[in-house]
There are 2 protein chains.
Amino acid sequence: MLNSYSTADKVLLAVDCIIFGFDHEGLKILLIKRDFEPEKGKWSLIGGFLKKEEVLDSAALRILESYTGLQDIYMEQLHAYSDIDRDPVERTISVAYYALINIENHNAEMIQNYDPQWFKVADAPKLIFDHDSMLRHAIRRLRYRTSIKPVGFELLPEKFTMRQLLELYESILDKELDKRNFISKINSLDILVKLDEKDMQSSRKGSYLYTFDKEKYDAKLLNDFVLNL
Amino acid sequence: MLNSYSTADKVLLAVDCIIFGFDHEGLKILLIKRDFEPEKGKWSLIGGFLKKEEVLDSAALRILESYTGLQDIYMEQLHAYSDIDRDPVERTISVAYYALINIENHNAEMIQNYDPQWFKVADAPKLIFDHDSMLRHAIRRLRYRTSIKPVGFELLPEKFTMRQLLELYESILDKELDKRNFISKINSLDILVKLDEKDMQSSRKGSYLYTFDKEKYDAKLLNDFVLNL
DNA sequence: TTCGAAAAGTGTAAAATCTACATTAATAAA
DNA sequence: TTTATTAATGTAGATTTTACACTTTTCGAA
C-alpha cells in the first residue's frame, strides 16, 4: 500500500553544518578532518546523524557543539540533499544548516579542545561527498540574506570600525563597494551606534568604533528590506 | 560512538507537496482528503513517503502524480519539518516541495480520475499535522520568488491578457497594483510577446493576448533580478 | 619641529527609477 | 446612434542611486 507507515522505508538522516566566520583575512568557513571512515582524514563539513528523539534544529546545534564546543549559535536550515550515492556507505539524506559566528570570540577554546580549522572561502580544500555543493549553496544563500537582512552582529567583534563592516560585506558579496555610498546606506538602516572611542590600530588618525543597536538590529532581522549594495 | 552508521537511528522521511494554481478566482492550492489513518478524511497536502532508492525530487514528482495524475511538474524544495510529534503515528521528518501549475490545463483529467480539490488560498480549510505551517511558508516563499524571478508561465494559459497577468501578481502578493506601472515594469523584463490577437470575452474593446517568450523567460529564471511591485 | 605617510572622514550633482494619476479608444449591445 | 464597458496609454515630480575627490588627523621619521 502506498502510504502505510509500516512498509515505508526508513533512512539515515544526517545534518551538516556550514559555519561562516570573518576576520581580517576575510570570510572563512570552518572545516574538520573527518575522523571516521569512509573518507577518514579528508576535509569535511561538521556533520552527524539525527537522533530519533531530536528535532533537526537541535541536532544541528548538538553536532556543532560536539565538534567545536560552540554553544548557542543561531543556525538556519539550508536544504536537504538526497542523491542516492551521496554517502557511499549507506543511503543517507542530509539536511544542511548554516551559521555565522565571530571567529575571535570563539577561537581560542575551540582550537584548544577540538580540531576544526578555518579556511578562507576562496581557498577551501575539496570536501567529501556533496559538501562542496552544500558550501556553494550556503554562500549563495548568505549573499542573498545579506541583501535583505542585516549581517555582522554574529560575525564582528563587539566594537568594530566602519572599515571592518565594509570589508565584511565586500567579502560576502565578493565585490568592491564604494566606501561613501556604503556608509550612507548602512547608516540609513539605523542599526549602528557610533561610539566616542577610536580604534588606533589601523591608522594614525584612528577610526571611530561602532556597535550594533541590538534592538534595532533584531527588528530588522524580522522585517526584510532591500539593501542595494 | 557518535558517528557510527550502524548505531544511528533511521527515520521515516515524508514528502509533502504544496501545489499552487491560478484561475479567474485567484490563487489556489490543491488539497486532498486524506485517505488513510490517522486523520483520515481530513484535508491535507498531497504527501507520501520517500522510498529508499529514490531522490527527494523524484519522490515529490511520484507522489504528486499518484494523487493527481500530473506529470512533468517543476517543483522546488521548501524546507524540512521535523517536530517530534508532527506525525502522531511515528517519528516522521517531512520535506516540503512546492510547485506552480496551470489549473485549466490539468483540471479535467485530474478531477475525473482522482479526488483532489482546489481551494482559494484565503479559504483553505484547516489542514492536518503541520501542513498549515508548510502552506504559510510556501506562500511566503512564492511571494519572495515573485520578486526575483518571473512568474506566470506555469500558472497561466498559453495565451493570456495583461489583466490576467496583473491579477496573478495581485493574488500572489495579496495587494493591488497600479495597472500602468505594472505593465511598464513587466514590459521592461522583456519576457512577453504581444500577439496580433485579441481576447473578446472580457470586454467590448477586446484586449490583446500575450505569450511568454520562453527563452527569455528561462534566462530570467536563472539570473535573479529585483522586481519592485 | 617639521614633514611625509597613511588611512579616515565627508558632500554633491547627474542619472535612473519609482510613484501617482486621468483621459481617450474601441467595440458590442441596446 | 447612443451608451456602457473595459483596454490602452504618458508624464511630471519625488526619490533613490551612482560616481566621484579632497581635507583631516596624527604618528613617526628626518
Side-chain angles (χ1 to χ4, degrees), chain A residues 23-26 146-148 150 152 156-157 159-171 173 175-211 220 223-229, chain B residues 23-26 146-148 150 152 156-157 159-171 173 175-211 220 223-229:
Chain A
D23 67 12
H24 60 279
E25 293 183 317
T146 300
S147 74
I148 57 162
L156 290 172
K159 298 173 183 182
F160 52 89
T161 64
M162 215 28 118
R163 167 165 294 267
Q164 283 177 286
L165 188 61
L166 171 67
E167 284 173 358
L168 170 61
Y169 272 82
E170 286 184 333
S171 65
L173 300 175
K175 69 174 178 191
E176 287 202 357
L177 300 174
D178 180 274
K179 183 174 45 156
R180 277 176 291 187
N181 293 341
F182 175 78
I183 290 173
S184 62
K185 282 174 185 177
I186 289 293
N187 280 333
S188 75
L189 291 182
D190 188 30
I191 52 173
L192 294 186
V193 181
K194 186 176 192 169
L195 301 177
D196 242 359
E197 193 181 343
K198 284 189 162 187
D199 169 84
M200 300 306 294
Q201 307 305 113
S202 61
S203 75
R204 308 274 152 95
K205 185 177 176 184
S207 52
Y208 281 103
L209 289 165
Y210 292 79
T211 56
K220 286 273 194 285
N223 302 309
D224 296 351
F225 53 83
V226 177
L227 183 60
N228 234 343
L229 291 172
Chain B
D23 68 11
H24 60 280
E25 293 183 316
T146 300
S147 73
I148 58 161
L156 290 172
K159 299 173 182 181
F160 53 87
T161 63
M162 212 33 114
R163 167 165 296 267
Q164 283 176 286
L165 188 61
L166 171 66
E167 285 172 357
L168 170 61
Y169 272 81
E170 287 184 333
S171 64
L173 301 176
K175 69 174 179 192
E176 287 202 357
L177 299 174
D178 181 275
K179 183 174 46 157
R180 276 177 291 187
N181 293 340
F182 176 79
I183 290 172
S184 62
K185 282 174 187 179
I186 289 294
N187 280 333
S188 76
L189 292 182
D190 187 31
I191 53 173
L192 295 184
V193 182
K194 185 176 191 169
L195 302 176
D196 243 358
E197 192 181 343
K198 284 188 164 189
D199 168 83
M200 301 306 293
Q201 307 305 114
S202 62
S203 76
R204 309 274 152 98
K205 185 177 175 182
S207 53
Y208 282 104
L209 289 166
Y210 292 80
T211 57
K220 287 273 193 282
N223 303 309
D224 295 350
F225 53 82
V226 178
L227 183 58
N228 235 342
L229 292 172

With no hydrogens and no angle check, is any side-chain donor or acceptor of B:E167 less than 3.5 Å from a backbone partner on B:Q164?
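Side chain of B:E167 to backbone of B:Q164: no pair is present.
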Within this structure, what is the [atom1]-to-[atom2] distance between [X] and [N], rounded to whole angstrom?
X      : N      : atom1 : atom2 : value
B:D178 : D:dG10 : CG    : C1'   : 12 Å
A:I183 : D:dT18 : CD1   : P     : 16 Å
B:Y208 : D:dT6  : OH    : C1'   : 14 Å
B:D199 : D:dA8  : CG    : P     : 10 Å
A:Q201 : C:dA8  : CD    : P     : 12 Å
A:F225 : D:dT16 : CZ    : C1'   : 16 Å
A:F182 : D:dT17 : CZ    : P     : 14 Å
B:L177 : C:dA20 : CG    : P     : 12 Å

When the C1' atoms of the five terminal pairs at each end define the local axes, what inter-axis angle does the helix from C:dT1-D:dA30 to C:dA30-D:dT1 show, to 10 degrees?
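End-to-end axis angle for the helix from C:dT1-D:dA30 to C:dA30-D:dT1: 10°, rounded to 10°.
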B:D190: salt bridge (charged side-chain N to carboxylate O under 4.0 Å, His left out) partners, not counting sequence neighbours:
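With sequence neighbours excluded, B:D190 shows a salt bridge (charged side-chain N to carboxylate O under 4.0 Å, His left out) to B:K216, given in chain and number order.
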Taking only residues two or more places apart in sequence, or in another chain, which ones meet B:D199 in a salt bridge (charged side-chain N to carboxylate O under 4.0 Å, His left out)?
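Salt bridge (charged side-chain N to carboxylate O under 4.0 Å, His left out) list for B:D199, sorted by chain: empty.
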Nearest 0.5 Å please: distance from the [atom1] atom of [X] over to the [atom2] atom of [Y].
X      : Y      : atom1 : atom2 : answer
A:L165 : A:I191 : CG    : CD1   : 7.5 Å
B:L192 : B:I183 : CG    : CD1   : 10.0 Å
A:I186 : A:L177 : CD1   : CG    : 9.0 Å
B:R163 : B:S207 : CZ    : OG    : 8.0 Å

May I ask you to verify if any side-chain N or O of B:R163 is less than 4.0 angstrom from the OP1 or OP2 atom of D:dA7?
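Result: yes.
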List the steps, then state whether side-chain contact (heavy atoms from CB on, under 4.5 Å) holds for A:L209 with A:T161.
CA-CA 5 Å; A:L209 289 165; A:T161 64; 3.9 Å; yes
Counting only heavy atoms not in A:K159, do more than 12 sit closer than 6.0 Å to its NZ atom?
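No, the 6.0 Å shell around NZ holds no more than 12 heavy atoms from other groups.
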Honestly, is B:K198 close enough over B:Y208, meaning NZ or CZ under 6.0 Å from the six-membered ring centre and within 45° of the axis?
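So B:K198 does make the cation-pi contact.
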Strictly under 4.0 angstrom, non-hydrogen atoms only: write out the protein contact profile of nucleotides 21-30 of chain D, one letter per nucleotide from the 5' end, B, S or -.
B--BBBB---
Are there any protein N/O atoms within less than 3.5 Å of an N/O atom in nucleotides 15-19 of chain C, and if so, which ones and at what distance?
residue	atom	partner	partner atom	Å
C:dT19	OP2	B:K185	NZ	3.0

Residues which pass ring-ring contact (aromatic ring centres under 6.0 Å, His included) with B:Y169, listed by chain and number, not counting sequence neighbours:
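Result, ring-ring contact (aromatic ring centres under 6.0 Å, His included) vs B:Y169: B:F182.
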